[in-house]
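To start, the structure itself, in structure tokens.
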Amino acid sequence: MKILVLNCGSSSLKYQLFAMEEKEVLARGQAERIGMTDALFRHEAKGQKTFLYQNPLNNHYDAVHNLLTFLGDGNRAILAGMQEIGGVGHRVVHGGERFQTSVVVDPGIRKVLEDTKKLAPLHNPPNLMGIDVCTDLLPGVPQVAVFDTAFHQTMPPHAYTYAIPHRYYREDHVRRYGFHGISHRYVAGRTAEIIQQNPANLKIITCHLGAGSSLCAVAGGKSQDTSMGFTPLSGLVMGTRCGDIDPALVSFLVEKEQGSLPAVMEILNRASGVFGISGISSDFRDLESAAARGNELAILALQVYAYSVARGISSLIPAIGGLDVLVFTAGIGEHSSAMRRRICEFLSWLDIDLDEKKNLDSTVEGIISRPAKVQVFVVPTNEEKMIAQETWTVLQKQTLSNVLNEQEVTNA
Ligand code: ADP
């Protein structure tokens with residue numbers, strides 16, 4: 001079966017086309033700056049040169065339409081027709097408490113998904129737009145929603161309950177949800193595979209360190225706690241997001257910004273984190289270069305980030321009653337040996353022995369520590385592969401249950 005995975009952001013579309021039985025990626029790419037006059041498409045298909053296409057894209061409909069044209073039309077086509085696509089898997093950021101696993105989208109589910117928009121007003125609307133566009137352009141092709149929050153739905157109430165009046169939970173579903181669940185799940189599962197141990201016996205903390213950063217404590221293969229909360233603004237210090245701060249700071253800043261709460265939220269989301277501290281960049285490569293030149297604020301920003309991650313890791317250990325494996329993933333986690341070293345230095349009280357040579361050499365998945373109680377790994381994340389696998393599993397289950405239902409009807 002061929003499965004198309006779509007990740008629709010507010011002005012972007014990322015995609016991959018998988019041949020599931022063959023375990024192959026047939027095409028991948030992304031469209032950026034959708035809605036602007038200088039939108040850019042980058043498309044790669046198996047056995048072909050990367051194709052760059054700069055043309056206005058009015059909206060996601062145009063973007064998906066172009067993508068389907070690349071896949072199925074003309075000399076670039078790698079599909080005989082759209083009927084070859086057996087399913088579409090969508091990344092949906094927020095599934096609320098309703099969605100604990102991935103689901104096939106039907107009109108009823110689509111209606112329920114509409115309700116999740118208020119929990120993630122920046123992320124869910126473009127995700128749902130992707131679903132609507134595919135309903136139009138790929139009629140009859142089953143679609144599956146795979147949620148970033150679903151993996152964390154196994155957290156116990158003491159981990160997800162905020163200490164505010166409980167009626168906000170009852171009435172408005174205010175609680176810790178956690179995000180990056182597709183990545184944490186993939187990375188924890190892959191780590192258990194690499195060390196050939198049953199996930200049921202492992203205590204793992206996965207560190208998804210990218211522009212957005214979060215941690216997850218996994219035991220028995222399930223998320224027990226995570227650093228992000230009701231929104232992806234909380235938890236670790238990030239590229240431009242503040243992470244955990246004293247909530248009273250918000251009212252202080254609102255007063256300072258002449259009463260504008262939206263202005264303060266914008267500052268906390270887009271002008272804080274390592275960018276806010278350094279005033280230089282949210283990109284850790286720029287910060288490392290500035291730090292190497294002796295820029296004190298860049299050095300401070302990198303230290304604050306490393307400490308925030310180490311503090312977060314330490315605070316998650318009670319959730320799983322110990323630690324066997326620490327795993328780094330995503331842009332910074334996979335590529336910055338300097339940041340991994342800084343974080344592990346703050347964790348020297350744990351039985352961790354980073355192998356500096358392996359840490360420096362590591363560009364692919366593998367262990368970067370010497371034998372000690374806690375093993376340290378780098379495992380590149382692959383959210384698209386996880387979404388494709390989920391989509392395939394859900395569709396296979398659906399086919400099986402349809403067959404069983406038909407048999408029941410025939411037997412009746
Ligand atoms: P997202 O998917 O959240 O946009 P990524 O996981 O792609 O983020 O991570 C992007 C971040 O990774 C960039 O902000 C950059 O700072 C960091 N990064 C990528 N490569 C390196 C590197 N070689 N050294 C340090 N940081 C890196």
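Each ligand, and each atom within it, is numbered from 1 in the order the structure gives.
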Expected list for residues 244-258: side-chain donor-acceptor pairs under 3.5 angstrom, two or more places apart:
unit_1	atom_1	unit_2	atom_2	d
D244	OD1	G235	N	2.7
D246	OD1	A248	N	2.9
S251	OG	A248	O	3.1

Listing by chain and number, which residues have a heavy atom under 4.0 Å from ligand 1?
G210, A211, G212, S282, D283, F284, R285, A330, G331, I332, H335, S336

Please walk me through it: do T381 and E334 pass side-chain contact (heavy atoms from CB on, under 4.5 Å)?
CA-CA 9 Å; T381 192; E334 289 166 32; 3.8 Å; yes

Please work out which of the three classes, parallel, tilted or perpendicular, describes the rings of F51 and F70, given edges at 30° and 60°.
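The rings of F70 and F51 stand perpendicular, inter-plane angle above 60°.
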
Parallel, tilted or perpendicular: which one describes the rings of Y169 and H166, with boundaries at 30° and 60°?
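Tilted: the ring planes of Y169 and H166 meet at 30° to 60°.
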
Pairs touching residues 300-320 that satisfy side chain to side chain donor-acceptor pair (under 3.5 Å), sequence neighbours left out:
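For residues 300-320: S213-Y305.
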
Listed partners of E171 passing side chain to side chain contact (heavy atoms under 4.5 Å, CB included), at least two apart
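Residues passing side chain to side chain contact (heavy atoms under 4.5 Å, CB included) with E171: R167.
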
